[in-house]
Participant: 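Below: one structure in structure tokens.
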Amino acid sequence: MPSAIALVDCNNFYASCERVFDARLVDRPVVVPSNNDGNIVARSNEVKALGIENGAPLFKVRPLLEAHDAAILSSNYELYGDMSNRVMTVLSDFADEIENYSIDEAFMRLHINPRESFAEIGREIRRRVLKYTGIPVSVGIAETKTLSKIANHHAKRSSKANGVLDLARSPYQELALSRVPVADVWGVGSRYAEMLEARGIKTALDLRNAPDEWVRDRMTVVGLRLVQELRGVACIPLEITPLTKKLLTVSRSFGSATESYDELRAAIVYYVSRAAEKLRRQKLAAGSITVFIETDRFKPEPQYANAVTLTVAPKSDSTFELRDLALSGMAKIFRAGFRYRRAGVTLGGLELAERVSLRLWENERYERHQRLMAEIDRLNAKYGRDAVRYGLFQSEGVWRTRFGQRSPRYTTCWDEIMRVV
DNA sequence: TCTGGGGTCCTAGGACCC
DNA sequence: TCTGGGGTCCTAGGACCC
């Protein structure tokens with residue numbers, strides 16, 4: 001039975017999520033900025049047509065957006081995460097081997113019998129995801145993950161493709177590669193693109209034809225794998241079972257800068273609380289914790305940034321233990337007299353909690369922690385985040401991220417469910 | 001006035017061990 | 001003048017992704 005790799009990618013995902021719940025947005029340009037309404041992270045096609053780049057600072061493009069009556073909606077990650085799960089659920093009907101690659105993309109291995117075509121299956125995927133979730137997707141199909149990315153690139157842009165393109169064993173593969181700028185190849189970032197273009201390698205096809213040795217020397221084995229993939233030799237496997245994460249970070253820019261030690265402590269406690277919740281949800285324990293604080297690098301004022309990593313021994317998922325360590329780290333790196341704009345914590349040395357739990361059964365204090373935190377997690381899930389808190393952070397502080405124009409959390413928050421009047 | 005947040009992998013170099 | 005060899009582990013920095 002022939003098989004191929006499909007990349008299913010949601011079109012303008014965040015903007016599409018917003019449109020599912022607000023039909024008035026359908027013909028308007030829509031952008032979603034990052035936290036603090038900082039940079040553009042999602043654009044509808046109308047916005048792309050205005051020449052606004054992804055990552056553009058909102059304040060710079062706001063006048064242009066307003067001139068075109070654009071909707072500017074602060075990011076609503078609860079809504080997007082929930083919509084993502086719905087899309088992935090529909091996709092799981094089409095394949096056993098699926099890699100949920102990002103919030104809006106999945107790789108999957110498709111199998112067909114000789115009378116079917118991959119393109120037909122691709123069209124059925126598209127039709128069904130749209131029907132059940134309201135989200136439009138594009139489907140690219142080819143022999144390898146990197147080639148399926150290329151196929152998807154064309155599926156999105158070509159009006160003839162209608163959202164689905166099968167390049168597997170296709171006579172048009174070279175043509176398709178020749179029409180993708182090397183900078184748009186998956187795995188080629190701005191640094192490599194600059195280097196490659198300077199040496200006359202301008203398209204995906206040029207890169208595919210570059211000599212192995214040359215590529216290895218300049219782009220390490222990562223580049224070599226990429227070139228092999230462009231040649232149809234699969235080197236990047238589907239990662240079907242989500243591998244255990246290695247790091248878990250929670251960090252934010254503040255709503256406004258602060259010099260206050262207490263404010264920073266409050267922010268750190270908040271971030272640790274979030275990180276420890278995630279840890280427990282994934283049934284992990286952490287072996288190290290890194291705390292970092294930074295001033296605003298865009299401001300012409302005294303700059304300071306520092307980080308400290310502490311060992312968590314034994315490994316723990318306790319908010320209390322992690323909080324105490326984080327605060328002792330903060331005390332080490334804090335310097336008075338700077339205006340801090342960002343802080344965060346990273347948990348490392350992650351391991352399944354059950355594997356480190358031996359020690360814990362002997363530790364009565366820890367068991368009490370466990371029960372208390374499970375109850376706090378339950379209450380917060382039921383009554384909203386921070387219904388119960390871990391002390392030491394005010395619910396409002398200058399460090400709090402601003403959400404100017406967030407849309408309702410239609411699908412995950414009872415108070416914000418859609419009303420029909 | 002205003003510039004995100006969360007990840008991964010690879011390499012080189014230093015510390016340390018026998 | 002000469003200054004082991006081989007291995008592991010850790011970290012920082014650089015590249016990338018969405």
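Below, chains carry the letters A, B, ... as their sequence lines are ordered, and counting in each starts from 1.
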Participant: Quick check against the 3.5 Å criterion: does A:Thr89 have a side-chain atom that pairs as donor or acceptor with the backbone of A:Asn85?
Facilitator: yes

Participant: A:Ile103 near the nucleic acid: base, sugar-phosphate alone, or nothing, with a heavy-atom cut-off under 4.0 Å?
Facilitator: nothing

Participant: Taking the side chain of A:Lys299 as its heavy atoms from C-beta onward, which of C:dA15, B:dG4, B:dC2 lies nearest to it?
Facilitator: B:dC2

Participant: Distance from A:Met219 atom CE to A:Met195 atom CE, nearest 0.5 Å?
Facilitator: 5.5 Å

Participant: Can you tell which of C:dC16, B:dC10, B:dG4 lies closest to the side chain of A:Ser190?
Facilitator: C:dC16

Participant: For B:dG5, take OP1 and OP2 only and decide whether either is under 4.0 Å from a side-chain N or O of A:Arg252.
Facilitator: no

Participant: Please check if atom CG in A:Asp27 has more than 12 non-hydrogen atoms from other residues, nucleotides or ligands closer than 6.0 Å.
Facilitator: no

Participant: Nearest of B:dG7, C:dC17, B:dT3 to any side-chain atom of A:Thr249?
Facilitator: B:dG7

Participant: Using whole Å, what does the distance between atom P of nucleotide C:dC16 and atom CD of A:Glu105 come to?
Facilitator: 17 Å

Participant: Expressed in whole Å, how much space separates the P atoms belonging to C:dC17 and B:dT1?
Facilitator: 34 Å

Participant: For A:Lys60 and B:dT1, is the shortest distance between a side-chain N/O and OP1 or OP2 below 4.0 Å?
Facilitator: no

Participant: Closest to the A:Asp104 side chain: C:dC18, B:dG5, B:dC10?
Facilitator: C:dC18

Participant: Reckon A:Arg216 has a side-chain N or O less than 4.0 Å from the OP1 or OP2 of B:dC10?
Facilitator: no

Participant: Considering every strand and a 4.0 Å limit on heavy-atom distances, what is the contact class for A:Val41: base, sugar-phosphate, or nothing?
Facilitator: base

Participant: Looking only at side-chain atoms of A:Arg191, point me to the closest of C:dC18, C:dC16, B:dG4.
Facilitator: C:dC16

Participant: Quick one: look up who B:dC18 pairs with, Watson-Crick or G-U, both distances under 3.5 Å, and put none if it's unpaired.
Facilitator: C:dG5

Participant: Please report, rounded to the nearest Å, how far the C1' atom of C:dA15 is from the CG atom of A:Leu196.
Facilitator: 13 Å

Participant: Nearest whole Å is fine: how far is C:dA15 P from A:Glu194 CD?
Facilitator: 10 Å

Participant: Name the closest nucleotide to the A:Asn36 side chain, picking from B:dG7, C:dC18, B:dG5.
Facilitator: B:dG5

Participant: Rounded to the nearest Å, what distance is computed from the CD atom of residue A:Glu78 to the P atom of nucleotide B:dG5?
Facilitator: 17 Å

Participant: Checking side-chain polar atoms at under 3.5 Å, does A:Thr146 have a donor or acceptor matched by the opposite partner on A:Arg225?
Facilitator: no

Participant: Which one, B:dG5, B:dT3, B:dG6, comes nearest to the side chain of A:Arg342?
Facilitator: B:dG5

Participant: Describe, in one word, how the ring planes of A:Tyr340 and A:Tyr304 are oriented to each other, choosing from parallel (under 30°), tilted (30 to 60°) and perpendicular (over 60°).
Facilitator: perpendicular

Participant: Using the rule salt bridge (Lys or Arg N to Asp or Glu O under 4.0 Å), only one of A:Glu105, A:Glu99, A:Glu229 pairs with A:Lys145; which is it?
Facilitator: A:Glu99

Participant: Whole Å only: how far is the CD1 atom of A:Ile150 from the P atom of C:dC17?
Facilitator: 12 Å

Participant: Under 3.5 Å, is there a donor-acceptor pair linking the side chains of A:Ser138 and A:Asn152?
Facilitator: no

Participant: Phosphate oxygens OP1/OP2 of B:dG5: is one of them under 4.0 Å from a side-chain N or O of A:Ser251?
Facilitator: no

Participant: Between B:dT8, B:dT3, B:dG4, which nucleotide has the shortest distance from any of its atoms to the side chain of A:Arg297?
Facilitator: B:dG4

Participant: Closer than 4.0 Å, any side-chain N/O of A:Arg225 to the OP1 or OP2 of B:dC9?
Facilitator: no

Participant: Strictly below 4.0 Å: does A:Lys246 bring a side-chain N or O up to OP1 or OP2 of B:dC9?
Facilitator: yes

Participant: Ignoring the backbone of A:Tyr192, work out which of C:dC16, B:dG7, B:dC10 is nearest its side chain.
Facilitator: C:dC16

Participant: Mapping A:Leu58 and A:Thr346 to their closest nucleotides on DNA chain B, which lands nearer the 5' end?
Facilitator: A:Leu58

Participant: From the list B:dT8, C:dC17, B:dG4, which nucleotide is the closest neighbour of the side chain of A:Lys245?
Facilitator: B:dT8

Participant: Using atom CG of A:Asn12 as one end and atom P of C:dC18 as the other, report the distance to the nearest whole Å.
Facilitator: 15 Å

Participant: Side-chain N or O of A:Ser75 versus OP1/OP2 of B:dG4: is the shortest distance under 4.0 Å?
Facilitator: no

Participant: When all nucleic acid strands are considered with a 4.0 Å heavy-atom cut-off, which category describes A:Val61: base, sugar-phosphate, or nothing?
Facilitator: nothing

Participant: A:Asn35 has an atom CG; how far is it from atom C1' of B:dG4, in whole Å?
Facilitator: 6 Å

Participant: Within this structure, what is the CZ-to-P distance between A:Arg274 and B:dG5, rounded to whole angstrom?
Facilitator: 15 Å

Participant: For A:Val222 and A:Leu248, take the nucleotide of DNA chain B holding the closest heavy atom to each; which residue's nucleotide lies nearer the 5' end?
Facilitator: A:Leu248

